[in-house]
Amino acid sequence: MDNIDEMKEQWTLLQNKLNQQQIINQQLLSRTVTSNVNKLSNFMWIMAIVALFVSIPCIWLLVYSYGFFKDVAIFLTIGMVLEVVLHVYNTLILPKASDASIDPVAFQDKMMKFRKVYIANIYFGLILLLVCIVWSLIKGFEMSYLVVAGAIGGVIGLIIGMLLNNRVLNNVRAIREDAQTMKSWKENQ
Amino acid sequence: MEKEKEFAKIVTDNKSTIYSICYMYAKDKSEIDDYYQEILINLLLGYAKFRGESSISTWIWRVSINTCISFIRKDKRKLDTIPLSVNINQIESDDHEGKQVAKLYQRINKLDKLEKAMVLLWLENMSYDDIASVMGMTVPSVSTRLVRIKDKLKQMSND
């Protein structure tokens, strides 16, 4: 056989082999979605457990303090409990990874709902923080050490919160993009 | 959204063509995904301006080949997502077909970047008009160059 004809045949072979690769890519994509959803779920549960541990000092303050500190402790404890409840609810509505390949449209809707609840939770946390700041400035104005300590704690908390939220939202974005690709493939088939 | 869907379908339909070009230009296996991603970015950027003056496959070939010719490897930040990579081991498998593909790769890789582009277009059974359009050459120039490249390939297999 002429080597030029042979090359044409080899080219067709390459194209055929690459055409078969889509199945592997779909499997790879499905694996990525599963891994990302599981990672997100684990991360959300870890955050819930950490939030519960953070509630311990609030409860301790609630029991052993009085006056202004007791009011702050009540406020913080109620706020933390509500945050944790909302966070656990948010984790429970996270769709199952297997839904992405079975019903990508429903999976996308559930991921959208998860994202909305998560963002609502962030706003709720920010409102709590804002109330705390204003309250501390008004009531604890005389106690400058309290304002300074609160401000430092607030800034540290805000930075940690932003990093954690950024990670969760990036993960959600990656899952939604992969699920969208799976949806397009399914539609094109 | 419609435009995005349209684009996703075009990419899916022409995936094997794009990957074939990447495969032929890549120096090593890890470079294939870099080429693929770069081509997808250029296709996406160019799709909004695509007026349909040439066929979609000619346009994809043009963008892909131009990207591969002018490609400079960048240190990209690793993303969380796994790229849609091909399983190269399966392409260059130990069976007869895999060996044939590897042979094609070796032959084509002895050519320079422009010669490589012309051979790939010719292997795709494109008309001389389309090859000229993709390469930005005249039809007589395409014909002359292809004859020279074919001679070069024959010479290589004789050596």
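Reminder, nothing fancy here: chain letters follow the sequence lines and each chain counts from 1.
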**Q.** More than 12 heavy atoms of other groups within 6.0 Å of A:Lys96 NZ
**A.** no
Q | residues 131-140 of chain B: residues contacting chain A (heavy atom under 4.5 Å, by number) | A | none
Q) Listed by residue number, which members of residues 114-126 of chain B have a heavy atom under 4.5 Å from any heavy atom of chain A? A) B:Val119, B:Leu120, B:Trp122, B:Leu123, B:Glu124, B:Asn125
Q. Is B:Lys99 close to A:Gln10 at the side-chain level, that is, under 4.5 Å between some pair of heavy atoms?
A. no
Q) A:Val88 and A:Ile49: same hydrophobic cluster, using ILVMFWY side-chain contacts below 4.5 Å? A) no
Q. Can you get from A:Ile56 to A:Met80 by hopping between Ile, Leu, Val, Met, Phe, Trp and Tyr side chains that sit under 4.5 Å apart?
A. no
Q | Any B:Gln100 side-chain heavy atom under 4.5 Å of A:Trp11 side chain | A | no
Q) Would one find more than 12 heavy atoms of other residues, nucleotides or ligands at under 6.0 Å from atom NZ of A:Lys116? A) no
**Q.** Co-membership, hydrophobic cluster, residues A:Val84 and A:Tyr89, 4.5 Å side-chain
**A.** no
Q.
Please determine whether residues B:Ile21 and B:Ile56 belong to a single hydrophobic cluster, defined as Ile, Leu, Val, Met, Phe, Trp and Tyr linked transitively by side-chain heavy-atom distances below 4.5 Å.
A. yes
Q) Do the non-hydrogen side-chain atoms of A:Met7 and B:Leu153 ever get within less than 4.5 Å of each other? A) yes
Q. Can you get from A:Val85 to A:Leu126 by hopping between Ile, Leu, Val, Met, Phe, Trp and Tyr side chains that sit under 4.5 Å apart?
A. no
